[in-house]
Amino acid sequence: MSDIKENIEQINKRIESAAVKSGRTRKDVTFIVVSKTIDVPRIKEAVETGENNLGENKVQEIMDKYEPMGDGIKWHLIGHLQTNKVKYIIDKVEMIHSVDSVKLAEEISKRAAQKGITAKILLEINVANEESKFGIRPEDTEKVILEIAKLPNITIKGLMTVAPFVENAEENRVYFKEMKQLLVDINSKKIDNVFMDVLSMGMTGDYEVAVEEGATMVRVGTGVFGARLYPAKN
Ligand SMILES: *Cc1c(COP(=O)(O)O)cnc(C)c1O
C-alpha cells in the first residue's frame, strides 16, 4: 500500500477511536483531506481510498483542480475568501468553512441566488483571539449570525476554527471545548433559520483531541501527504 493510502487508513482508525471516546461512531465525523499544494496524481491516490471530501484554502487551486479531479469530489473551501472571488467557486464547493463577515455572507447569498442554489457555510471563529488569525471573535458570533440568518440562499451549518499552533495537542482541548459550547449556546437561542450541527476543527497535530471534544469535520493535510513542499499562503 502507498504511503498516502496507509496514512489515510491510520487516520481513519484514530478518528474512529476518538469518536468512540466521545460516544459517537466513525460515521459522525467527516474526514476532509486537505489537498492544498498537492498535485492531482497524488490527490487521486488519496481519493482512491474512498475519501472524497477535499479541502483547499485558495480559490485558484480549486479552479485548477476541479476539472482534472472530475465528478464525485466534495470541495471544501477552508481558507480566507475574498469577496471578489466568491463568484468563481460558488457552484463548485460543497461548503465554505471560512465565512468571517456579514459582507462576505452577503456576497455568497447574492451569488448563490444567481445560480439558484443554497450555499452551505460555516462561520470561522478566532477562538483563541489570535491577532494573526482571521475569524469572528467568539463574543461577536451571535450578532453576526443574526445578520446572516436573514439572508436568502445561504444556510449556516456550523462553526469552524483553526486552533493555535501548539506542540502538545492537549493545549488546544480548552479551545475545542469552547467551540462546542458556543455551538450549543447558539442553538439553545432558537434563532429563526438557525440550527447548527457542524463543528469543523482539528488538523494533523490535534484532530484526535478535536474529535474527542465534538468535532464533526476534521481537516488533515500533512498527516496524509507529508510535509508540504512549499507553504500555502492564505
Ligand atoms: C492547511 C490547513 C489545514 C491542514 O493542516 P495540516 O496541519 O497540514 O493538517 C487545515 N485547515 C486549514 C484552514 C488549513 O489551511
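Note that the structure is a prediction, hence the values are computed from the model and not measured. Just follow the structure's listing: the first ligand is 1, and inside any ligand the first atom is 1.
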Option whose closest heavy atom lies nearest to atom 12 (C) of ligand 1, chosen from I78, D206, V220: I78

From the candidates V224, T204, V218, the one that places a heavy atom nearest atom 7 (O) of ligand 1: T204

Polar proximity ligand 1 side, G221 side, N/O cut 3.5 Å exclusive: yes

Atoms of ligand 1 close to T222 [distance to a heavy atom under 4.0 angstrom, numbered from 1]: 6 (P), 7 (O), 8 (O), 9 (O)

Per-atom contacts, ligand 1 versus V162 - under 4.0 Å to a heavy atom: 13 (C)

Salt bridge (charged side-chain N to carboxylate O under 4.0 Å, His left out) contacts touching residues 178-207 (sequence neighbours left out): E142-K189

same_hphob_cluster(L123, L146) at 4.5 Å side-chain heavy-atom cutoff: yes

Ion pair K13/E9, N-O distance below 4.0 Å: yes

Distance-only donor-acceptor check, side chains E107 and T83, under 3.5 Å: no

Residue pairs passing the side chain to side chain donor-acceptor pair (under 3.5 Å) test where at least one lies in residues 154-164, sequence neighbours excluded: none

For ligand 1, the portion of R228 having any non-hydrogen atom under 4.0 Å away: side chain

